[in-house]
Chemist: 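Quick one: this structure, given as structure tokens, is what I'll be asking you about.
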Amino acid sequence: MGGGRSETSALTGTGGGRGTATTQNSQRPNACCFCWCCCCSCSWNEEERQRWRRRKKIPDTKMETIPNCEACTKPSLEEIRLWSQSFDKLMRNPAGRNVFREFLRTEYSEENMLFWLACEDLKQEMNKSAIEEKARSIYEDYISILSPKEVSLDARVREVINRKMQDPTPHTFEDAQLQIYTLMHRDSYPRFLASNIYKALVHGGSRTPSESYS
């Protein structure tokens, strides 16, 4: 994976209570924090998968714990520009994840971010019955070949998941999460930086670094 330790740190650093997707920003959260920017290649198999999704109506995920966008404060222009320095910086920032998620939606690959977020949520769970329930939901939503939101994983990772599902833990999908993180980094991130969505933010920016949604 390009970037070596920095990208891996974004994956593991958000677990264990350190900057998780659900606890990172406690100040003045907003339920619809992507609205501010709306105005403004991997393998052949992945390309085929995206074309297939364009021809189908993809139903909503069954994971009700994932909101339409994460609560966050409005990013400053400096923060927005930092997202182009590394995928690690983008994924560590809740506003950055929201914008990147919206970009993935335009490419019919939002399930990659949804899966990553679901794995982050699972890592914070302590109750065994809740772990089993969430792991089963993640498997049905993103791993099962019967799901229209199935993420692209290799056979080795799928085999590991199938073994671990016999006794799920908060880290059951860790290998799969890293593989999807790598896919987003190598495949989608370069296109995101060249997209109109990101360019509009860079040129428009935010009014002040401390300004947040009410």
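Scope of the values below: all heavy atoms of this structure, side chains included, with no hydrogens, waters or symmetry mates. Residue numbers start at 1 and run along the sequence shown.
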Chemist: Any heavy-atom pair between the side chains of N112 and Y142 that's under 4.5 Å?
Modeler: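 Contact flag for Y142/N112 side chains = no.
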
Chemist: Decide whether L117 and I131 are clustered together by the hydrophobic rule: side chain heavy atoms of Ile, Leu, Val, Met, Phe, Trp, Tyr closer than 4.5 Å, transitively.
Modeler: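 Same cluster.
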
Chemist: Within the structure provided, determine whether E120 and Q177 are in side-chain contact (heavy-atom separation under 4.5 Å).
Modeler: yes

Chemist: Mind checking whether L193 and L201 sit in one hydrophobic cluster, side chains of I, L, V, M, F, W, Y counted as touching below 4.5 Å?
Modeler: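 Per the 4.5 Å side-chain linkage, L193 and L201 are co-clustered.
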
Chemist: Just by modelled atom types, is the I80 backbone N or O under 3.5 Å from a matching donor or acceptor in the Y198 side chain?
Modeler: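 Confirmed, Y198 side chain pairs with I80 backbone.
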
Chemist: Can you name the residues that form a ring pair (Phe, Tyr, Trp, His ring centres under 6.0 Å) with Y139, not counting sequence neighbours?
Modeler: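 Testing Y139 for ring pair (Phe, Tyr, Trp, His ring centres under 6.0 Å), a comparison that skips the adjacent residues, returns none.
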
Chemist: Which pair of non-hydrogen atoms, one from S152 and one from L183, has the smallest distance, and what is that distance?
Modeler: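 Smallest interatomic distance, heavy atoms only, reads CB-CD2, 4.5 Å.
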
Chemist: With a 4.5 Å heavy-atom cut-off, do T106 and I197 have their side chains touching?
Modeler: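 Yes - at least one pair of side-chain heavy atoms lies under 4.5 Å apart.
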
Chemist: Give the minimum heavy-atom separation between P168 and A135, together with the two atoms involved.
Modeler: CB-CB, 3.7 Å

Chemist: To the closest 0.5 Å, what do you measure between CG (D88) and OH (Y189)?
Modeler: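 Going from the CG atom of D88 to the OH atom of Y189 covers 9.5 Å.
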
Chemist: State whether the side chain of Q179 and the backbone N or O of V157 hold a donor-acceptor pair below 3.5 Å, judged by distance alone.
Modeler: no

Chemist: With ring pair (Phe, Tyr, Trp, His ring centres under 6.0 Å) as the test, pick out the partner of F100 among W116, F87, W83.
Modeler: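 For F100, the ring pair (Phe, Tyr, Trp, His ring centres under 6.0 Å) test succeeds with only one of W116, F87, W83, which is F87.
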
Chemist: To the nearest 0.5 angstrom, please state how far the NE2 atom of H203 sits from the CG atom of L77.
Modeler: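 Spacing of NE2 (H203) from CG (L77) equals 10.5 Å.
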
Chemist: With sequence neighbours excluded, what pairs up with R156 under the salt bridge (Lys or Arg N to Asp or Glu O under 4.0 Å) test?
Modeler: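 Salt bridge (Lys or Arg N to Asp or Glu O under 4.0 Å) check on R156 returns nothing, list empty.
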
Chemist: To the nearest 0.5 Å, what is the distance between SG on C72 and CD on E79?
Modeler: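 Taking SG in C72 and CD in E79, the distance rounds to 9.5 Å.
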
Chemist: To the closest 0.5 Å, what do you measure between CD (E150) and CD (E111)?
Modeler: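 Atom-to-atom, E150:CD and E111:CD are 9.5 Å apart.
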
Chemist: Using the side chain to side chain contact (heavy atoms under 4.5 Å, CB included) rule, take M113 and M91 through it: C-alpha gap first, then chi angles, then the decisive distance, then the call.
Modeler: CA-CA 10 Å; M113 179 64 82; M91 290 293 283; 3.6 Å; yes

Chemist: Test of understanding: with side chain to side chain contact (heavy atoms under 4.5 Å, CB included), list the residues that count as partners of Q85, not counting sequence neighbours.
Modeler: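 Result, side chain to side chain contact (heavy atoms under 4.5 Å, CB included) vs Q85: L82, K89.
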
Chemist: Suppose we screen for salt bridge (Lys or Arg N to Asp or Glu O under 4.0 Å). Which residues come up paired with E110, at least two apart in sequence or across chains?
Modeler: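 Here the qualifying residues are R101, R105.
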
Chemist: Spell out, as yes or no, whether a donor-acceptor pair under 3.5 Å connects the side chain of N162 to the backbone of R158.
Modeler: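 Yes, because the side chain of N162 sits within donor-acceptor range (under 3.5 Å) of the backbone of R158.
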
Chemist: How about I143 and M165: do any of their side-chain heavy atoms sit closer than 4.5 Å?
Modeler: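 No. Closest side-chain heavy atoms not under 4.5 Å.
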
Chemist: Mind checking the OG1-CG spacing from T172 to L122? Nearest 0.5 Å is all I need.
Modeler: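 Those atoms lie 6.5 Å apart.
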
Chemist: Holding to side chain to side chain contact (heavy atoms under 4.5 Å, CB included), I want the full list of residues that pass it with E133, two or more places apart in sequence or in another chain.
Modeler: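 With neighbours one apart ignored, the set is R136.
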
Chemist: Measure the NE2-CD1 distance between H185 and I180 for me, rounded to the nearest 0.5 Å.
Modeler: 14.5 Å

Chemist: Can you list the residues that meet the side chain to side chain contact (heavy atoms under 4.5 Å, CB included) rule with L146, with sequence neighbours excluded?
Modeler: S144

Chemist: How about L153 and E159: do any of their side-chain heavy atoms sit closer than 4.5 Å?
Modeler: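 Side-chain contact under 4.5 Å: no.
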
Chemist: Applying salt bridge (Lys or Arg N to Asp or Glu O under 4.0 Å), run through D141 and K134 and close with a yes or a no.
Modeler: CA-CA 10 Å; D141 279 337; K134 287 184 177 183; over 6 Å; no

Chemist: Measure up the F115 and F173 rings against each other and bin them: parallel (under 30°), tilted (30 to 60°), perpendicular (over 60°).
Modeler: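 It falls in the perpendicular class, over 60°.
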
